[in-house]
There are 2 protein chains.
Amino acid sequence: MRVATFNVNSLRVRQQILLDWLEEAQPDVVCLQELKMKDEKFPAKAIAEAGYEHQVVWGQATYNGVAMISKTPIENSHTGFRVGPKDKQARLVQGTVNGVRILGCYAPNGTKLSTDKFAYKLTWYARLMRELSVGTTNADDVLVCGDMNIAHTANDVKNPNESAGRLHYHPLEHDTFNRLLAWGLVDAYRSRNPKSKDFTWWDYRMDAFNRDMGLRIDYMLATESLNKRITDVTQWKGPRALEKPSDHIPVTIDIA
Amino acid sequence: MRVATFNVNSLRVRQQILLDWLEEAQPDVVCLQELKMKDEKFPAKAIAEAGYEHQVVWGQATYNGVAMISKTPIENSHTGFRVGPKDKQARLVQGTVNGVRILGCYAPNGTKLSTDKFAYKLTWYARLMRELSVGTTNADDVLVCGDMNIAHTANDVKNPNESAGRLHYHPLEHDTFNRLLAWGLVDAYRSRNPKSKDFTWWDYRMDAFNRDMGLRIDYMLATESLNKRITDVTQWKGPRALEKPSDHIPVTIDIA
DNA sequence: GATTCGAAAG
DNA sequence: CTTTCGAATC
């Protein structure tokens with residue numbers, strides 16, 4: 001089973017790029033982020049015709065919006081957190097496919113340190129971690145994936161010295177990310193590529209893609225048991241080089 | 001010599017459609033309307049590379065904006081009216097090519113009867129007519145062309161009964177247009193196609209193009225001496241059927 | 001730099 | 001329906 005995550009940054013604009021990539025990569029399950037559209041605008045038909053007839057969508061106008069699409073049934077699906085008050089922002093979609101519990105995430109950006117939005121980012125992560133223990137333990141096959149908006153280690157940023165203490169690479173974000181991993185998750189890509197510096201996001205500005213000034217902020221975080229079954233992790237750089245690309249690229253894992 | 005008029009409704013959006021059409025139709029001189037861009041955004045280089053190195057541009061942000069581009073030199077060029085106060089709206093470009101005085105027009109729409117904008121439309125026409133006598137008489141080769149925003153006769157609208165008294169087909173507009181012709185201009189297309197009902201503009205709304213619910217509002221108006229030299233008048237419907245078309249089509253005349 | 005929205009215009 | 005703009009967000 002191939003599972004993917006892809007922050008499309010507007011599904012309206014990126015629909016063809018997504019469909020072309022689905023055709024190429026043939027994932028079985030895909031978590032999508034930043035749909036930037038209401039549920040009723042979700043191109044359910046076109047995506048079903050591409051083979052993904054099982055769809056869990058939590059859309060939102062303008063900002064956020066997540067979905068899980070699958071060739072095989074999605075069980076026990078939920079949108080948002082099940083514990084605590086309803087999150088107004090559409091950032092989480094949950095479901096179980098072939099016995100793997102998948103949490104598709106669009107973690108808050110945080111915008112700026114010492115703002116409400118940064119506080120919301122940390123709170124959101126705390127709630128995500130709490131959510132993991134609802135119905136599963138770290139002995140189960142659990143996958144947390146998506147745009148996590150945190151660059152975890154020195155090889156997840158271009159220049160660690162320049163990034164130190166800044167948004168996406170701040171100690172408070174690292175603590176948060178480490179706590180998530182400490183629950184019992186393994187960074188599937190990094191565990192197989194300990195030293196590589198391959199990013200998943202490049203700003204649209206400053207010719208960042210051509211200068212490879214990016215971040216690795218899109219992750220596949222698997223429990224140990226699940227990680228052992230993963231036979232491949234691929235970051236698909238191709239779609240970033242197309243016309244009118246998303247600023248993120250898709251990431252896939254293959255599960256034996 | 002082939003002379004064209006084309007209201008592109010945003011040269012930014014229509015640049016490729018324009019270049020493709022120039023390649024196809026090979027006009028020598030083209031009057032463009034609704035550039036919707038400032039002078040500094042005009043794609044002077046791309047248009048020069050297409051063979052039109054002589055350019056007179058009067059751009060404007062958001063609304064209006066006109067240009068005359070030519071393969072051969074444009075003499076005695078002017079933007080706007082030479083008589084009276086400067087018009088704030090970029091609606092007129094003048095120049096002489098191969099002895100033919102050309103006035104490229106984007107006449108005001110008028111928006112609604114009994115508004116300032118409708119009054120401005122009539123005033124603008126009065127000023128245009130006054131302009132004709134500056135340096136020329138009706139015995140010279142003069143061409144008034146462009147988006148005139150008036151449907152002159154019953155065959156210039158789909159249903160004359162429905163259009164009667166409405167904007168674009170109002171008696172005040174017909175009087176104005178008739179006065180312009182009375183100065184000594186002939187509608188080159190209509191003089192050769194007395195009964196045809198072929199439009200130059202179709203609203204983007206209501207599937208108007210497919211239902212042929214259009215207007216003929218883009219004209220080539222020539223003095224009698226010039227009209228006699230015209231060997232062909234063509235309204236190019238093709239570009240309206242492309243993806244992301246202008247709502248207007250180009251019109252050309254061939255001058256012997 | 002790219003996206004969304006709503007307003008204004010045609 | 002299409003376009004432009006300015007504000008907001010990332």
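Letters go in sequence order (proteins before strands), and every chain restarts at 1.
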Review point. Are B:Asp87 and B:Tyr120 close enough that a side-chain donor and a side-chain acceptor fall under 3.5 Å?
Key: yes
**Study point:** Sidechain-backbone polar pair: A:His78 side chain, A:Gly95 backbone, donor-acceptor under 3.5 Å
**Key:** no
Point to revise | Protein-to-nucleotide contact annotation, 5' to 3' order, nucleotides 1-10 of chain D [B base; S sugar-phosphate only; - none; under 4.0 Å, heavy atom] | key: BSSSS--BSS
Practice item. Can you tell me which residue pairs pass the salt bridge (Lys or Arg N to Asp or Glu O under 4.0 Å) test with a partner in residues 107-128 of chain A, sequence neighbours excluded? Key: A:Lys121-A:Glu173
Check your understanding: With distance as the sole test, does B:Asp247 use its side chain to make a donor-acceptor pair with the main-chain N or O of B:Trp201 at under 3.5 Å?
Key -> no
Exercise for review: Using salt bridge (Lys or Arg N to Asp or Glu O under 4.0 Å) as the criterion, list what pairs up with B:Asp156, not counting sequence neighbours.
Suggested key: B:Arg190, B:Arg216
Point to revise | Segment of DNA chain C, first to last nucleotide, that comes within the 4.0 Å heavy-atom reach of chain B | key: C:dA9 to C:dG10
Residues 15-24 of chain B, side-chain donor-acceptor partners within the protein, below 3.5 Å, at least two apart:
from	atom 1	to	atom 2	distance (Å)
B:Gln16	NE2	B:Asp20	OD1	2.8

Review point. Who passes salt bridge (Lys or Arg N to Asp or Glu O under 4.0 Å) against B:Arg205, sequence neighbours left out?
Key: B:Asp203
